[in-house]
J.: 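To start, I am sharing the structure in question, which I have written as structure tokens.
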Amino acid sequence: MNRQEVAALLAYAVSLDPRSAPTDQAAADETLDQWADLLADVATAAPHPNGRHWDAARVVRRHIATSPYPIKPSDVSRPWDDFRRDVVDRHHDPVPAIDPDDPAAYREALVATRHAVATGAALPAAFRELTGGRTREERDQFAADRLAVLGDYVPRTVAQALADYRPRRAERERRAVEGLPDPLDVACPYEQCRARVGAPCLNYRRNPKDSAHPSRLDLATAQRYAPKEPAA
């Protein structure tokens, strides 16, 4: 809150509880300075994904209605800290619309999103990528289709025993079972790699990498969760 917003909040508190009214202008100025300093990081209002939105005036009203003690700035800042912690805990970083092969810009976009959530300027992003909005039956069918594409059936105990010797296939099978996008389903868009569909990404020595480039995974994710065209 800025100084004007804090002054309005104080005036509202005084209107509900005249006991908190300063005795003179000097006391009023001192109270405003104190509140403005302690509530500088508190929002006047902020959204919540469950509809329990933050409203500083409502917090003041609740305190005055339920507590026998005069309100203090900490009676507003502490509930705000709890609210902000709950919102931030619900946040999962979405994939920024930034080239992930530009680490500085990618990191800056993530920090900006997290700051917006922490200050109440934006709702937390739900982690929808695990389901893509699909039903359980659709996810099970997707897993079955992906495993069919990957090759012949191998008993799970045998597959687990072989996992250390064929890590890329084990990773693809894990993603198929969990309904996650497979970066090897698309060609790598990274200029220094350009691996073909089904082929592993290459490092700067042109040797196969254990993991795909971030931009390849982003491309697979975008294609996996792209809206389906309506049937004609």
J.: When you measure from the side chain of S67 to the backbone of I64, do you find a donor-acceptor pair of N or O atoms at a distance under 3.5 Å?
T.: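 It does not hold such a pair.
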
J.: Under the side chain to side chain contact (heavy atoms under 4.5 Å, CB included) test against L39, which residue among V76, T44, N2 passes?
T.: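 The single option meeting the side chain to side chain contact (heavy atoms under 4.5 Å, CB included) with L39 is V76.
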
J.: Looking at R78 and D81, does any basic side-chain N land under 4.0 Å from a carboxylate oxygen?
T.: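 No, this pair does not count.
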
J.: So which atom in P183 and which in P181 form the shortest heavy-atom distance, rounded to 0.1 Å?
T.: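 Distance-wise, the nearest heavy atoms are CD-O, 3.7 Å.
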
J.: Salt bridge or not for D33 and R3, using N-O below 4.0 Å?
T.: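 Judged by the 4.0 Å cut-off on N to carboxylate O distance, D33 and R3 do form a salt bridge.
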
J.: Other residues, nucleotides and ligands only: do more than 12 of their heavy atoms fall within 6.0 Å of CZ on R19?
T.: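 More than 12 heavy atoms, drawn from other residues, nucleotides or ligands, come within 6.0 Å of this atom.
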
J.: Considering only heavy atoms from C-beta outward, does the side chain of V60 approach that of L9 to under 4.5 Å?
T.: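 In short, these two side chains touch, coming nearer than 4.5 Å.
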
J.: Please report the closest heavy-atom contact between P189 and R194, naming both atoms and the distance.
T.: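 Heavy atoms of P189 and R194 come nearest at O-NH1, 3.0 Å.
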
J.: Has Q223 got a side-chain atom pairing as donor or acceptor with A220's backbone, closer than 3.5 angstrom?
T.: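 No; zero donor-acceptor contacts below 3.5 Å.
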
J.: Is there a side-chain contact between D29 and L32 in this structure, where contact means two heavy atoms from C-beta onward sitting under 4.5 Å apart?
T.: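 D29 does not reach L32 side chain to side chain.
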
J.: Count I, L, V, M, F, W, Y as connected when their side-chain heavy atoms are under 4.5 Å apart, and connections chain through other members. Are V42 and F83 then in the same cluster?
T.: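 Shared cluster, yes.
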
J.: Which pair of non-hydrogen atoms, one from L219 and one from A187, has the smallest distance, and what is that distance?
T.: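 Smallest heavy-atom distance, with atoms named: CD2-O, 3.8 Å.
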
J.: Can you tell me how far SG of C201 sits from CD of Q192, rounded to the nearest 0.5 angstrom?
T.: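 One finds 12.5 Å between CD of Q192 and SG of C201.
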
J.: Of the non-hydrogen atoms in A13 and I71, which two are nearest, and what is the gap between them?
T.: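 Looks like CB-CG2, 4.3 Å.
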
J.: Could you go through the side-chain contact (heavy atoms from CB on, under 4.5 Å) check for W54 and R84 one step at a time?
T.: CA-CA 9 Å; W54 167 264; R84 180 173 58 178; over 6 Å; no

J.: Identify whether M1 and L16 are in the same connected component of the hydrophobic contact network (ILVMFWY, side-chain heavy atoms under 4.5 Å).
T.: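 Yes, one cluster joins them.
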
J.: Nearest 0.5 Å please: distance from the NE2 atom of H53 over to the CZ atom of R58.
T.: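 Going from the NE2 atom of H53 to the CZ atom of R58 covers 8.5 Å.
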
J.: How far apart are the closest heavy atoms of V59 and P79, and which atoms are they?
T.: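 Answer, listing the atom of V59 first, then P79: CG1-CG, 4.1 Å.
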
J.: Is a side-chain donor or acceptor of W80 paired with a backbone partner of D41 at a separation under 3.5 angstrom?
T.: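 Between the backbone of D41 and the side chain of W80 there is a qualifying donor-acceptor contact (under 3.5 Å).
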
J.: Quick one: pull up CG in L202 and NZ in K209 and give me the separation to the nearest 0.5 Å.
T.: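 Here the rounded value is 9.5 Å.
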
J.: Counting only heavy atoms from other residues, nucleotides and ligands, does the tally under 6.0 Å from CD of E30 exceed 12?
T.: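 For E30, atom CD is not crowded (no more than 12 foreign heavy atoms under 6.0 Å).
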
J.: If you define the side chain from C-beta out and look only at heavy atoms, does anything of L38 sit under 4.5 Å from S77?
T.: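 A side-chain contact is absent here, since even the closest heavy-atom pair is not under 4.5 Å.
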
J.: Hey, does the side chain of W35 reach the backbone of L10 with a donor-acceptor pair shorter than 3.5 angstrom?
T.: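 Side chain of W35 to backbone of L10: no pair is present.
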
J.: Looking at every non-hydrogen atom in both residues, tell me the closest pair between R196 and R216 and how far apart they are.
T.: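 The answer is O-NH2, 2.9 Å.
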
